[in-house]
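I have placed the structure first, in the form of structure tokens, so that the comments after it can refer back to it.
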Amino acid sequence: MTTLAVIGAGSMGAQIAQQAALHGIEVNLHDTGEGQLRKARTSNEGHLSRRAERGRISESDAREALERVTTTTDLGEAVSGVDFVIEAVFEDLEVKRSVFHQLNLLAPRDAVLASNSSTMGFSKLAGVTVRPEMCVNMHFFYPVLVMDLVEVVRGPQTSDITTERAVALAREMGRTSVLVNREIDGFIVNRILHAATQEAYRLLDAGVASFEDIDTAVEKGLNWPMGPFRLGDFSGLDITYNARLHMYKTTGDERFKPSPQLAAKVKAGKLGRKTGEGWYHYEK
Ligand SMILES: NC(=O)c1ccc[n+]([C@@H]2O[C@H](COP(=O)([O-])OP(=O)(O)OC[C@H]3O[C@@H](n4cnc5c(N)ncnc54)[C@H](O)[C@@H]3O)[C@@H](O)[C@H]2O)c1
């Protein structure tokens, strides 16, 4: 069984660690501050106790899964003796490069170094290590405790063995993986989502239909659980906006230019559920 270190205990890292622990994997969870680690533990305790209350897991399994996650602010301690590291720190190239540089020095030489980056060209991280063949992107989806998919993305130098180890870890964690054979912006899911969302915004901006009706059409006609506007509110409209801006800047393709109506929402601080209002209104 794999031993795992997860670096960064934010929204993604905390749940990646917990998902692995639910499947029997011993995990060291690292962040720079004790406060963030406490927050991650409290959040995971909440998720698992709700599962136990609903009878989806026994109280003892929930307790054991929580105990399998050891937290530490010491990076060296976190990666000592592990087989696999998943990095989930801020989406900032310099922060990630610095973390990968340290992981290369501190993690066992045979450990795979994976990143959960959504947008970063992964070779930019692998390039700071002396083991680019052992680096891979494992793109989990939020919320990790619920979403079944992991996109395993090969960098130009990722070896077959490393790819197989990433696929095997996803399986061990009870997750379905798909293989993306080369680095490409947005991987599979976000490219398809961006294309569909862009069309939804084009229809809205052209006055063809209201956002409510576009959501209803997509939910009832395509059987998607959420239409593009409801999904935008759920993930945060700033995230949707920044993702589109990133695609627009990197491809120069006008099709990705953020909609003026989306830009106006972000400028007004109406970011969706987290601010109480986005396309829809939410009770605080
Ligand atoms: N949020 C999503 O929906 C989502 C989905 C898929 C992938 N991702 C990717 O996951 C990664 C993390 O995203 P998130 O939403 O969890 O971010 P977040 O801001 O919630 O968490 C980032 C965490 O990293 C920690 N951190 C920062 N620098 C660090 C360092 N040097 N060492 C250790 N910890 C450090 C921070 O303290 C914070 O707890 C990003 O690369 C993002 O692109 C996010």
(request) Look at the side chain of S43 and the backbone N and O of K39, then say whether any donor-acceptor pair between them is shorter than 3.5 Å. (result)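 No.
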(message) Closer than 3.5 angstrom, by distance alone: can the side chain of D83 be matched with the main-chain N or O of A111 as a donor-acceptor pair?
(response)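 Here the side-chain-to-backbone pair does not exist.
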(message) In terms of relative ring orientation, are W279 and F229 parallel, tilted or perpendicular, with 30° and 60° separating the classes?
(response)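 Ring orientation, 0 to 90° scale: perpendicular.
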Nearest-0.5 Å distance, [atom1] of residue [X] to [atom2] of residue [Y]:
X    : Y    : atom1 : atom2 : result
T216 : E212 : OG1   : CD    : 7.5 Å
S118 : I239 : OG    : CD1   : 8.5 Å
H101 : T129 : NE2   : OG1   : 11.0 Å
L271 : L237 : CG    : CG    : 6.5 Å

Can [X] and [Y] be counted as an ion pair, charged N to O under 4.0 angstrom?
X    : Y    : result
K96  : E91  : yes
R191 : E151 : no
R154 : E133 : no
D238 : K270 : no

Under a 4.5 Å cut-off applied to non-hydrogen side-chain atoms, are [X] and [Y] in contact?
X    : Y    : answer
F140 : M173 : yes
L204 : Q261 : yes
T70  : L29  : no
F84  : M138 : yes
L22  : I57  : yes
V150 : L169 : no
L125 : V128 : no
T71  : R38  : no

(request) List for me each residue that meets side chain to side chain contact (heavy atoms under 4.5 Å, CB included) alongside E64, sequence neighbours excluded, and say none if there are none. (result)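 Partners of E64 under the side chain to side chain contact (heavy atoms under 4.5 Å, CB included) test: D61, R68.
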(message) Run the side chain to side chain contact (heavy atoms under 4.5 Å, CB included) test against D110 and tell me which residues pass, sequence neighbours left out.
(response)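 Listed in chain order: P108.
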Which atom names give the shortest non-hydrogen contact between [X] and [Y], and what distance separates them?
X    : Y    : answer
L113 : A107 : CD2-CB, 4.1 Å
V167 : S177 : CG1-OG, 3.7 Å
A114 : F100 : O-CZ, 3.9 Å
R175 : L149 : CD-N, 4.4 Å
R244 : T240 : CG-O, 2.8 Å
A21  : V69  : CB-CG2, 3.6 Å

(message) Ignoring hydrogens and geometry beyond distance, is a side-chain donor-acceptor pair present between N137 and S115 at under 3.5 Å?
(response)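 Not at all, the side chains of N137 and S115 share no donor-acceptor pair under 3.5 Å.
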(request) Take R165 and E172, measure what salt bridge (charged side-chain N to carboxylate O under 4.0 Å, His left out) needs, and give me the verdict at the end. (result) CA-CA 10 Å; R165 285 175 70 184; E172 208 178 326; over 6 Å; no
(message) Test salt bridge (charged side-chain N to carboxylate O under 4.0 Å, His left out) on E199 and R202; report intermediate values, then the result.
(response) CA-CA 5 Å; E199 191 55 34; R202 238 196 314 268; 2.7 Å; yes
